[in-house]
Trainee: 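First the structure, which I've put down as structure tokens, then a few questions once you've had a look.
First listed ligand is number 1; within each ligand, the first listed atom is number 1. Nothing fancy with the numbering, it's 1 onward along the sequence.
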Amino acid sequence: MTWTLITGASAGIGRAFATHLAERGHDLVLTARGVDKLQATADLARAHGVRAEVIPSDLSERGGRLGLLDELRSRALEIDTLVNNAGFGSIGRFADLDADRLEAEVELDIQAVVQLTRALLPPMLAAGRGTIINVASTAAFQPLPTMAVYAAAKAFVLSFSEALWDEVRDQGVEVIALCPGPTDTDFFTRAGDDGVLTGRRTADQAVRSCLDALGKGRPYVVDGLVNAVQAEAGKRAPVRVAIPLARAMVRRRR
Ligand SMILES: NC(=O)c1ccc[n+]([C@@H]2O[C@H](COP(=O)([O-])OP(=O)(O)OC[C@H]3O[C@@H](n4cnc5c(N)ncnc54)[C@H](OP(=O)(O)O)[C@@H]3O)[C@@H](O)[C@H]2O)c1
């Protein structure tokens, strides 16, 4: 019996992954900090006839990450699909942002992805099958002033995913990075920006884009055509062009 672990499953894109994967028959292990919201996601999943286990954990702390891995072991939950989705950003000039918050952001957006993947990939390789979905962002494709740490963290997630994709693709394990653009979740409120971004897509759309891309040999997928065009342009443009464009785009969308 194998399970799908989804981090950040209490809200937004993580909850959408839970409902879509439950629809496809995946038994789920759901983690985040908020127990009540995790239970609500578990109820949504169970309505599709699958099993759902809840393991609350703070993945920005090493102890939380190790505690989650211990709990998986003690409940004998063998993971064959890992969705590294939990993450947050901070909007503002780097020098003005809270240092502890930035540390937690790096721990969650980078370290949790590395640590969970390092722990759960070897059994997938041994079994000759598995899937790892890492939620990056269109912010990964160019530096982003006022979200410097977040964009750099997501560039890490994208680069990490692309390298792993190549390392394991002939061993039955698929790795893909999902790169959503602005998506209608709690993300921007939590990031400290209560401005309204227009042109947001939904969490459902982002998840569908990712699940549709599985099995097609792609190391990453950008959600939405407009986002994909902007992401590829950001990737190819020289940095002196990409940065002002990214800044202007963020300003225009607010
Ligand atoms: N929304 C966007 O525009 C957008 C665009 C591109 C990429 N993304 C990425 O998509 C992913 C999901 O974000 P979202 O948009 O769905 O935002 P969200 O609605 O704020 O959800 C974030 C999820 O991460 C969990 N989380 C936050 N801190 C955590 C911690 N310390 N330990 C464990 N879980 C934690 C939250 O649960 P708790 O608070 O209960 O812990 C929640 O379930 C993130 O990686 C984000 O960077 C979002």
Trainee: What protein heavy atom is closest to atom 28 (N) of ligand 1, reported as residue, atom name and distance in Å?
Mentor: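 Residue, atom and distance for the closest contact: R33 NH2, 3.2 Å.
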Trainee: Do any nitrogen or oxygen atoms of G34 lie less than 3.5 angstrom from nitrogen or oxygen atoms of ligand 1?
Mentor: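 Checking ligand 1 against G34, an N or O pair does fall under 3.5 Å apart.
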Trainee: Are there more than 12 heavy atoms of other residues, nucleotides or ligands under 6.0 Å from atom CG of D170?
Mentor: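 Yes, the 6.0 Å shell around CG holds more than 12 heavy atoms from other groups.
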Trainee: Looking at side-chain heavy atoms only, is the closest gap between V135 and V113 below 4.5 Å?
Mentor: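 The answer is no, as the side chains (C-beta and beyond) never meet within the 4.5 Å cut-off.
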Trainee: Which residue from T183, L68, N134 reaches closest to atom 2 (C) of ligand 1 through any of its heavy atoms?
Mentor: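 Selected option, by shortest heavy-atom distance: T183.
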Trainee: Can a donor-acceptor pair be found, under 3.5 Å and without considering hydrogens, that links the side chain of D58 to the backbone of R33?
Mentor: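 No.
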Trainee: Give the single entry among S10, P56, G87 that approaches atom 38 (P) of ligand 1 most closely by any heavy atom.
Mentor: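 Ranked by closest heavy atom to atom 38 (P) of ligand 1, first place is S10.
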Trainee: If you measure from each heavy atom of G181 to ligand 1, is any distance below 4.0 Å?
Mentor: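 Right, G181 reaches ligand 1.
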Trainee: Please answer whether the main-chain N or O of H48 pairs with a side-chain N or O of E23 as donor and acceptor at a distance below 3.5 Å.
Mentor: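 Here the side-chain-to-backbone pair does not exist.
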Trainee: Closest non-hydrogen protein atom to atom 6 (C) of ligand 1, residue and atom name please, with distance?
Mentor: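 Looking at atom 6 (C) of ligand 1, the protein heavy atom closest to it is P180 O, 3.2 Å.
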Trainee: Check for me whether R200 has a heavy atom closer than 4.0 Å to any atom of ligand 1.
Mentor: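 R200: no contact with ligand 1 (<4.0 Å).
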Trainee: Has the side chain of R65 got a donor or acceptor atom that lies under 3.5 Å from a matching backbone atom of L116?
Mentor: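 Pair absent, no side-chain N/O of R65 close to backbone of L116.
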Trainee: Return the residue, atom name and 0.1 Å-rounded distance of the protein heavy atom closest to atom 17 (O) of ligand 1.
Mentor: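 Ranked first by proximity to atom 17 (O) of ligand 1 is T185 OG1, 3.5 Å.
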Trainee: Check each atom of ligand 1 against the heavy atoms of D58 and keep those under 4.0 Å away; list them by number with element.
Mentor: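 Listed by number with element: 30 (C), 31 (N), 32 (N).
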Trainee: Should one rank A16, A140, A32 by closest heavy-atom distance to atom 34 (N) of ligand 1, which comes out on top?
Mentor: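 Result: the heavy atom closest to atom 34 (N) of ligand 1 is in A32.
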Trainee: What are the atoms of ligand 1, with element, lying closer than 4.0 Å to any heavy atom of G12?
Mentor: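 Under 4.0 Å from G12, ligand 1 has these atoms: 16 (O), 19 (O).
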Trainee: Looking only at protein heavy atoms, which one is nearest to atom 21 (O) of ligand 1, and what is the separation?
Mentor: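 The closest heavy atom on the protein side is A11 CB, 4.2 Å.
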Trainee: Which residue and non-hydrogen atom of the protein lie closest to atom 25 (C) of ligand 1, and at what distance in Å?
Mentor: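 Minimum-distance protein heavy atom for atom 25 (C) of ligand 1 reads G8 CA, 3.6 Å.
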Trainee: With backbone taken as N, CA, C and O and side chain as the heavy atoms from C-beta onward, which portion of A112 lies under 4.0 Å from ligand 1: side chain, backbone, both, or neither?
Mentor: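 Near ligand 1, A112 shows nothing, with every heavy atom at 4.0 Å or more.
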Trainee: Taking the side chain as C-beta and beyond, is there a heavy-atom pair between D109 and Y150 under 4.5 Å?
Mentor: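 Of all side-chain heavy-atom pairs linking Y150 with D109, at least one is under 4.5 Å.
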Trainee: Yes or no: does P182 have any heavy atom under 4.0 Å from an atom of ligand 1?
Mentor: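 In this structure, P182 qualifies as a contact of ligand 1 - some heavy atom is under 4.0 Å.
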Trainee: Can you find a heavy atom in the side chain of E53 that is under 4.5 Å from one in the side chain of E71?
Mentor: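 SC-SC contact between E53 and E71 ruled out.
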Trainee: Given E61, R65, E105, R190, which one has a non-hydrogen atom that is nearest to atom 36 (C) of ligand 1?
Mentor: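 The residue whose heavy atom sits nearest atom 36 (C) of ligand 1 is R190.
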Trainee: Please determine if L59 has a nitrogen or oxygen closer than 3.5 Å to a nitrogen or oxygen of ligand 1.
Mentor: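 The answer is yes, given that L59 and ligand 1 share an N or O pair closer than 3.5 Å.
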Trainee: Just which atoms of ligand 1 are under 4.0 Å from any heavy atom in F188?
Mentor: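 Close to F188: 3 (O).
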Trainee: Under a heavy-atom criterion of less than 4.0 Å, does A136 contact ligand 1?
Mentor: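 Yes; A136 lies near enough to ligand 1 that a heavy-atom distance drops under 4.0 Å.
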Trainee: So if I apply the side chain to side chain contact (heavy atoms under 4.5 Å, CB included) rule between L5 and each of T31, I55, N85, which one comes out positive?
Mentor: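 The single option meeting the side chain to side chain contact (heavy atoms under 4.5 Å, CB included) with L5 is T31.
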Trainee: Does some side-chain heavy atom of I176 sit less than 4.5 Å from a side-chain heavy atom of L214?
Mentor: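 When only atoms from C-beta onward are counted, I176 and L214 do touch, with a gap below 4.5 Å.
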Trainee: Given V135, V83, N85, which one has a non-hydrogen atom that is nearest to atom 45 (O) of ligand 1?
Mentor: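 Ranked by closest heavy atom to atom 45 (O) of ligand 1, first place is N85.
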Trainee: My understanding is that only one of N134, D166, N84 makes a side chain to side chain donor-acceptor pair (under 3.5 Å) with S161; could you say which?
Mentor: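 In the set N134, D166, N84, the residue that makes a side chain to side chain donor-acceptor pair (under 3.5 Å) with S161 is N134.
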Trainee: Among V83, T7, L28, L30, which residue meets the side chain to side chain contact (heavy atoms under 4.5 Å, CB included) test with F17?
Mentor: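 One option only clears the test, and that one is V83.
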Trainee: May I ask you to list the atoms of ligand 1 that are less than 4.0 angstrom from any heavy atom of Y150?
Mentor: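 Near Y150, the atoms of ligand 1 are 6 (C), 7 (C), 8 (N), 9 (C), 46 (C), 47 (O).
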Trainee: Can you tell me the protein heavy atom closest to atom 16 (O) of ligand 1 and the distance?
Mentor: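 That would be I13 N, 2.8 Å.
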Trainee: Where on S57 is there a heavy atom closer than 4.0 Å to ligand 1, on the side chain, on the backbone, on both, or on neither?
Mentor: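 Just the backbone.
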Trainee: Strictly distance-based, threshold 3.5 Å: is any side-chain N or O of T131 a donor or acceptor partner for the main-chain N or O of T81?
Mentor: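 A pair under 3.5 Å: no.
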Trainee: Within the 4.0 Å heavy-atom shell around S60, which atoms of ligand 1 are there?
Mentor: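 Every atom of ligand 1 under 4.0 Å from some heavy atom of S60: 31 (N).
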Trainee: Side chain to side chain contact (heavy atoms under 4.5 Å, CB included) with V29: which of L77, V54, I6?
Mentor: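 Of the listed options, the one satisfying the test is L77.
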Trainee: Return yes if some donor-acceptor pair links the side-chain N/O of R73 with the main-chain N/O of E78 below 3.5 Å, else return no.
Mentor: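 Flag not set: sc R73 to bb E78 has no pair under 3.5 Å.
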Trainee: For atom 19 (O) of ligand 1, what's the nearest protein heavy atom and its distance?
Mentor: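 Answer for atom 19 (O) of ligand 1: D186 N, 3.4 Å.
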Trainee: Could you see if V114 belongs to whatever hydrophobic cluster contains I79? Use Ile, Leu, Val, Met, Phe, Trp, Tyr and a side-chain cutoff under 4.5 Å.
Mentor: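 Yes; tracing contacts between hydrophobic side chains, which count when under 4.5 Å, links both residues.
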